[in-house]
Asker: 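Before I ask anything, let me first share the structure, which is written out below as C-alpha cells.
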Amino acid sequence: MPRGDHAGIERRDTGGGWPLTGGSESGGHPGATAAPGLVEHFFRREYGRLVALLTRKAGVRHIALVEDAVQGALLAALTTWTAQGLPDDPGAWLYRVACNNLTGDLRRTAGRLRILERAVDASTESGDPPVPPYFAGEVADDLLRMLFICCDDAIPRESRLVLALKTLCGFSAAEIGLRLFTSEANVYKRLARARDRLRRSPLDIQTPPLETLRSRLPSVHEVLYLLSTRDISPRTRSRRSAASCAMRPSGWPRS
Amino acid sequence: MPKYLFLQRSLPGKPQQQPSPAQMQEMYAAFNAWKDKFKENILDMGGKLKPGGKVVSVSGATDGPFVEAKEIVGGYMLVSAESFDRALEVARECPGVIMPGSSVEIREVAGP
C-alpha cells in the first residue's frame with residue numbers, strides 16, 4: 001500500500017540531496033551495481049513503468065511534465081532510501097511521490113494557462129470539441145501503449161527510437177547518444193521534436209483507435225528490433241539488450 | 001574516539017546535472033556499500049539543510065542562510081573516527097560528496 005506521509009520530502013533536488021550531492025559523473029564507483037534490496041535496473045525500469053502509467057492518466061500532451069515528475073520521485077527515493085532504508089513497497093512509494101509531483105505541476109501549469117488566457121482573450125472559450133471515447137482495453141499494457149505512442153506517424157522516424165529509449169527504457173540523453181553514436185545535443189533535439197508533436201495531441205484521446213494502432217505496427221516492429229539489437233553498452237560487462245530493460249509487453253494486438 | 005562534523009558546501013544556483021536512472025542505480029549501490037563499510041564510524045547521517053532560515057546574533061535576526069565565500073552549507077553529518085585521517089577516508093569514499101561544485105569541511109568536535 002502506498003505510504004502517505006511524505007510531506008517532508010524535498011522534491012526537485014537539482015542533483016540529489018546530501019550526501020549525494022551530484023551525479024553527472026558516475027565513474028567514481030564502477031562495478032558497484034549490486035543494490036541491496038533492489039532488482040537490477042530498478043531505477044530504469046521504474047522510470048519506464050511510471051512514465052507509461054502517468055502518461056496514460058495525465059495525457060500524452062503532458063509527457064514532459066510526467067517525465068519530470070518521475071525523475072523527481074527517483075531522486076527523492078535515492079536520498080530518502082539511502083538515509084532511511086527501503087520502504088515496504090518501493091514501487092508504490094515512487095508512484096505516490098511521482099503523482100504528487102505531477103498534480104502539483106499540472107495545477108501550476110493550469111494556473112499559468114488561465115492567467116495567459118485571461119491576458120490574451122478573456123471572452124473566448126478554449127474548450128476542444130468533445131472526442132468520442134476509445135476502448136482502453138485495446139491496449140492493456142501501459143508500456144505497450146507507450147511504445148505505440150512513440151511510433152506516432154507524425155513523429156519523425158529518427159525521433160521515435162530516441163523517444164522509446166528515453167521514456168520506456170529510462171536512458172538519459174547522454175546514454176542514448178552513446179548508444180546511437182550521436183551527440184547528446186542531437187538527442188535532445190530529437191526528443192524535443194517528438195515531445196512537441198505529442199504536446200499537440202488532442203485532449204481526450206488516451207489511447208489511439210485500433211485502426212491507428214494497426215497502421216503503426218510496422219514502426220513498432222522497427223523500434224522493437226532496433227531496441228533489441230542495440231546491445232552495445234559503453235561500459236560493457238554484460239551485453240544486455242536495451243529492450244530487456246523495461247519492456248515486457250504482455251500481449252500483442254491482433255494484426 | 002574523536003568526533004568530526006562534516007559540512008558540505010556547494011556553489012549556490014549552479015544547476016548540477018541530474019543523474020540518469022542508470023546512474024541513480026549505481027549511486028544507490030555505491031552509497032549503501034559506503035554506509036556498510038563505515039557503519040562503525042557514522043554517528044549521525046545528518047541530512048540536507050533546507051534553504052532560508054535565519055542568522056541570529058546579539059543585534060537581531062537576519063534572513064539566512066549565512067553565505068561566505070559564495071558557498072552555502074548544504075548538509076551535515078556526524079562521524080566518529082580514531083583519527084583525522086580516518087575521518088578523511090570516510091569523507092573521501094562517500095559517493096558524490098567531493099565533486100565539482102561541492103566540497104566538504106571536516107572539523108573535529110571538541111569534547112570533554
Side-chain angles (χ1 to χ4, degrees), chain A residues 8 10 12-48 50-51 68 70-72 74-75 77-86 166 169-176 233 235 245-246, chain B residues 5-39 42 44-52 71-79 90-105:
Chain A
E10 280 242 71
R12 305 308 162 86
D13 284 327
T14 52
W18 165 257
L20 297 162
T21 52
S24 53
E25 312 288 327
S26 65
H29 294 265
T33 49
L38 295 181
V39 298
E40 209 179 354
H41 306 304
F42 174 82
F43 283 91
R44 271 209 294 111
R45 284 186 149 146
E46 285 298 295
Y47 186 90
L50 289 166
V51 166
D68 280 349
V70 174
Q71 173 81 2
L74 290 176
L75 277 171
L78 189 55
T79 50
T80 308
W81 298 354
T82 47
Q84 297 170 18
L86 282 177
K166 179 79 174 45
C169 303
F171 287 118
S172 69
E175 289 159 354
I176 295 170
S233 171
R235 295 182 302 269
C245 56
Chain B
L5 178 66
F6 288 4
L7 287 171
Q8 182 263 340
R9 283 195 183 82
S10 55
L11 296 167
K14 194 174 168 211
Q16 290 164 320
Q17 196 168 24
Q18 294 209 3
S20 72
Q23 286 169 331
M24 286 190 224
Q25 188 88 15
E26 290 185 4
M27 287 166 78
Y28 181 82
F31 194 75
N32 277 314
W34 172 84
K35 240 174 61 167
D36 195 61
K37 181 173 179 184
F38 295 108
K39 60 175 178 280
I42 301 168
D44 184 350
M45 280 290 298
K48 191 177 179 193
L49 295 175
K50 288 185 177 177
E71 289 185 337
I72 290 182
V73 176
Y76 80 99
M77 199 191 295
L78 209 52
V79 157
V90 175
R92 274 225 176 89
E93 293 207 20
C94 186
V97 159
I98 301 170
M99 301 196 62
S102 163
S103 65
V104 64
E105 179 180 0

Asker: Distance from B/Gln23 atom CD to A/Leu74 atom CG, nearest 0.5 Å?
Answerer: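 CG of A/Leu74 is found 12.5 Å from CD of B/Gln23.
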Asker: Please give me the minimum heavy-atom distance between A/Phe43 and B/Pro21, naming the atom from each residue.
Answerer: CB-O, 3.2 Å
Asker: What pair of heavy atoms forms the shortest contact from A/Leu38 to B/Gln25, and how long is it?
Answerer: CB-NE2, 4.4 Å
Asker: Quick check: does any side chain N or O of A/Gln71 sit under 3.5 Å from a backbone N or O of B/Ser20, one acting as donor and the other as acceptor?
Answerer: no
Asker: Hey, mind stepping through B/Tyr28 and A/Leu86 against side-chain contact (heavy atoms from CB on, under 4.5 Å) and telling me if it holds?
Answerer: CA-CA 11 Å; B/Tyr28 181 82; A/Leu86 282 177; 3.2 Å; yes
Asker: Heavy-atom distance under 4.5 Å to chain B: side chain of A/Phe42, backbone, both or neither?
Answerer: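 Contact with chain B involves both backbone and side-chain atoms of A/Phe42.
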Asker: To the nearest 0.5 Å, what is the distance between OG1 on A/Thr82 and CE on B/Met27?
Answerer: 9.0 Å
Asker: Specify the closest pair of heavy atoms between B/Ala22 and A/Arg44, including all atoms of both residues, with the distance to one decimal.
Answerer: N-CG, 3.8 Å
Asker: Check salt bridge (charged side-chain N to carboxylate O under 4.0 Å, His left out) between B/Lys35 and all other residues, then give those that pass, not counting sequence neighbours.
Answerer: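 Scan of B/Lys35 (salt bridge (charged side-chain N to carboxylate O under 4.0 Å, His left out), adjacent residues dropped) gives none.
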